[in-house]
There are 2 protein chains.
Amino acid sequence: MQSLIEAQKKLLPDLLQTMQKRYQILQSIRLMQPVGRRSLSNNLGISERILRGEVQFLKEQNLIHIHPSGMTLTKEGDDLLSSLEEMMKDVLGLTFLETTLKEKLHLDEVIVVSGDSDHSPLVKKEMGRACAQCIMNHLQDDEVVAVAGGTTLAAVAEMMIPLGHRRNVLFVPARGGLGENVENQANTICAKIAERAHGKYRLLHVPDQLSKEAYESIIEEPEIKDLLKIIRSAKMLVHGIGDAQTMAERRKTPKEDFEKIKKGKAVGEAFGYYFNQKGEVVHKVQTVGMQLEDLKNIRNVIAVAGGASKAKAIKAYMNQSLATILVTDEVAAKELLREL
Amino acid sequence: MQSLIEAQKKLLPDLLQTMQKRYQILQSIRLMQPVGRRSLSNNLGISERILRGEVQFLKEQNLIHIHPSGMTLTKEGDDLLSSLEEMMKDVLGLTFLETTLKEKLHLDEVIVVSGDSDHSPLVKKEMGRACAQCIMNHLQDDEVVAVAGGTTLAAVAEMMIPLGHRRNVLFVPARGGLGENVENQANTICAKIAERAHGKYRLLHVPDQLSKEAYESIIEEPEIKDLLKIIRSAKMLVHGIGDAQTMAERRKTPKEDFEKIKKGKAVGEAFGYYFNQKGEVVHKVQTVGMQLEDLKNIRNVIAVAGGASKAKAIKAYMNQSLATILVTDEVAAKELLREL
DNA sequence: CTTTCCGGGACTTTTTTTGTCCCTGTAAGA
DNA sequence: TCTTACAGGGACAAAAAAAGTCCCGGAAAG
């Protein structure tokens, strides 16, 4: 197989290029459908005219459907895209990144999508799609899935796919409020994911920034107590990884905590924990729900994060070696590999 | 692998076409090197200008070398071509023909080259090349190879490759004169093959059309007797298959034999034996050397024949099921398959 | 009912491909 | 030694394909 590609490279050097272009177009259509030429060409950075040519071609191949409301993938196009996925990973060298990272980080699985999620929202969506697919691959009947917050998880939620045959899956937020905006809160995302997956969900309504006393009293509430128990029984946790400073700024972080994070030289953040380069916890947001020490009991801990800006954060978090699966993008993967 | 090709067909429909074109050009250069643009374009049926473009491309890819004396394959080009061979067989569906024929004809091996040797001398050469390669694949040290005559075998001789590491291989003609012209006689071809292979050879000098008495006396000659013994010890026989009528006409066939062939409804011929549709021998040219009944003792009986015109002859001969390997071309293979 | 996208038609410009003609150099045969 | 045939390649025009530009009618959403 590799030799075929090598031979083809020799015999048709621009084959790869063209193939990749069309693959990306199909991929983008899948992510944005139904979508028009203009917005698509904007997103892909291709001139509209040239995209039009490609679109016409794809239409002739019966890979896309053209509506007055926009373009959609046909069944055939969707199938083709699926079967193309692993080949393109090979072709683009993503398979190499995946296997190497998997070994070096001692993970069960690494998924790398092509591109840079810092620069293209589509790549972030694609990462979300890959993560959604990954969740489904590991999810079984009657299981609880804990979901964290953040913009990346929002992308996962947006791209979530139905549970299909899986029965009785419950989605819960991993932890209480962390000071995020509503759209990035674990609660919001959890609900959205569950809806898209056609699964059940329960939310954790606790105020942000609890005082010690309030914290201790709230965890005694029967309803909360019950839910916290469920959260700790989760078989799967899905969370993002953020740059420490960015996260601290985005959230309504109290001054003294901010100083603590700064002094501790935190570089990464995940579900309320701030890590320094060595992976040591320098600060944790005080809230209910899943705690770091619970992670070792969870079968699948899926971390999702991409973009060159997050490479350091990912690396720091990986030093904790609590995650079992990493979903990332090309630039982050390369950056990670460069540093290891 | 097949799915990759399928996907590529969808995404780049003219990929196959272009790839095949360039593959054929490379293949033809290999067969004709050193060769100029004009003769090459004539042979390929491509306009000279278009070939020129391709040639330039291939040069830029370092696949061919351009000399004042003509174009040659570079090492890289030759390697590429070799590794491309099996892929193209897959792509062009020749693998399917090979495996199907192999089963239906109960052979050890079937090799199908692309094209029609009736219409293109290059295809005949390619068949010769494939046969030469095949011979080498099965040949071992200290073995005797018996070689028949005919135009196809002449092509094999022309494309013969050196023995390489194989030691002490002896080439001998399979049978005595069959009435052919010099260039198609087993003796001539045997010598040529041996020379090209850098092997030894011995020739069988007996007149055509022997009378019974002459036949019986000649086989008592010590030198002849010795050689005949060697011929019968051959581990490999390489022969062509001809259309009965064509062969009878080409050779100086006596009237009564001609009638016999005609009345027996012979359709095929191989090393002096004429077969009817059922594979029954209706006439044999009286001469010394290998006889039909000796074939079952030979490890590798390689039959080489191509072109739609010979499909019936091949089929007839295959009913004898004495051959172990068939080297043919695409049209003959398809025709054979259609009839089976 | 208006606004906003949607696809697609039409035309020009640009680039690439292909056809045509001719030149110079080399190698083999006379 | 000279001729001849065939090698590759340069140059340029014609043709075709691709890309840029502008604009239109129609469906859907607000």
Side-chain angles (χ1 to χ4, degrees), chain A residues 11-74 76-77 121-122 125, chain B residues 11-74 76-78 121-122 125 158:
Chain A
L11 232 46
L12 270 332
D14 41 338
L15 162 133
L16 265 187
Q17 215 177 314
T18 314
M19 216 170 127
Q20 194 180 345
K21 184 173 69 181
R22 292 186 178 158
Y23 172 70
Q24 278 178 343
I25 293 174
L26 282 178
Q27 204 179 23
S28 297
I29 293 177
R30 173 165 66 178
L31 292 176
M32 301 171 73
Q33 59 186 324
V35 66
R37 273 205 318 252
R38 338 262 151 153
S39 46
L40 189 57
S41 67
N42 262 335
N43 255 295
L44 286 164
I46 306 180
S47 106
E48 191 192 326
R49 188 59 179 80
I50 211 171
L51 177 69
R52 185 171 161 183
E54 295 298 336
V55 158
Q56 195 173 348
F57 166 82
L58 294 172
K59 190 183 72 183
E60 278 160 13
Q61 296 293 315
N62 270 315
L63 298 175
I64 62 176
H65 206 75
I66 284 187
H67 252 271
S69 59
M71 300 176 266
T72 6
L73 288 187
T74 60
E76 203 179 342
L122 275 189
K125 273 188 152 185
Chain B
L11 232 45
L12 265 344
D14 40 335
L15 162 134
L16 264 187
Q17 217 175 312
T18 313
M19 215 169 129
Q20 194 180 345
K21 184 172 68 181
R22 292 186 178 159
Y23 172 70
Q24 278 177 343
I25 293 174
L26 282 177
Q27 204 178 24
S28 297
I29 292 176
R30 174 165 66 180
L31 293 176
M32 301 171 73
Q33 59 185 323
V35 65
R37 275 204 318 252
R38 339 263 150 151
S39 47
L40 189 57
S41 67
N42 263 335
N43 255 296
L44 285 163
I46 306 180
S47 106
E48 190 193 325
R49 188 60 179 79
I50 216 170
L51 176 70
R52 186 170 160 184
E54 295 298 336
V55 159
Q56 194 174 348
F57 166 82
L58 294 172
K59 190 183 73 184
E60 278 160 12
Q61 296 293 315
N62 271 314
L63 298 174
I64 62 176
H65 206 76
I66 285 187
H67 253 271
S69 59
M71 300 176 266
T72 4
L73 288 187
T74 60
E76 202 178 343
D78 202 68
L122 275 188
K125 272 189 153 184
E158 203 178 334

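Labels below follow one simple rule: chain letters A, B, ... track the order of the sequence lines, proteins then strands, and each chain is numbered from 1. Here the structure is a predicted model, which means the values were calculated and not measured.
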So side chain to side chain donor-acceptor pair (under 3.5 Å) across residues 56-65 of chain B, not counting sequence neighbours, yields none
How long is the span from the NZ atom in Lys21(A) to the CG atom in Leu51(A), to the nearest 0.5 Å? 9.5 Å
Atom pairs under 3.5 Å: protein N/O with N/O of nucleotides 22-24 of chain D:
none

Would you say that Met32(A) contacts Met71(A) through its side chain, given a criterion of any heavy-atom pair below 4.5 Å between the two side chains? no
Calculate the interatomic distance between Ile50(A) atom CD1 and dA17(D) atom P; express it in whole Å. 17 Å
Are the side chains of Gln27(A) and Leu122(A) in contact, using a 4.5 Å heavy-atom criterion? no
Hey, does Ile29(B) have a side-chain heavy atom less than 4.5 Å from the side chain of Leu63(B)? no
Are Gln20(A) and Gln17(A) packed together at the side-chain level, in the sense that at least one heavy-atom pair is separated by less than 4.5 angstrom? no
Hey, can you pull the residues of residues 54-68 of chain B with a non-hydrogen atom under 4.0 angstrom from DNA chain D? Lys59(B), Ile66(B), His67(B), Pro68(B)
Grab the two heavy atoms, one from Leu44(B) and one from Gln24(B), that are nearest each other, plus how far apart they are. CD2-O, 4.1 Å
Filtered N/O pairs between nucleotides 2-4 of chain D and protein, under 3.5 Å:
none

Is there a side-chain contact between Leu26(B) and Arg30(B), using heavy atoms and a 4.5 Å cut-off? no
Minimum-distance pair of heavy atoms, taken over all atoms of Ser41(A) and Arg38(A): OG-O, 2.9 Å
Atom of Pro34(A), atom of Ser69(A) and distance for their closest heavy-atom approach: CB-O, 3.9 Å
Those residues at least two apart in sequence (or on a different chain) that pass side chain to side chain donor-acceptor pair (under 3.5 Å) with Glu76(A) are Lys10(B)
Mind checking which nucleotides bracket the chain A contacts on DNA chain C, 5' to 3', with an atom under 4.0 Å from a heavy atom? dC6(C) to dA10(C)
d(Ile46(A) CD1, Glu54(A) CD) to nearest 0.5 Å is 7.0 Å
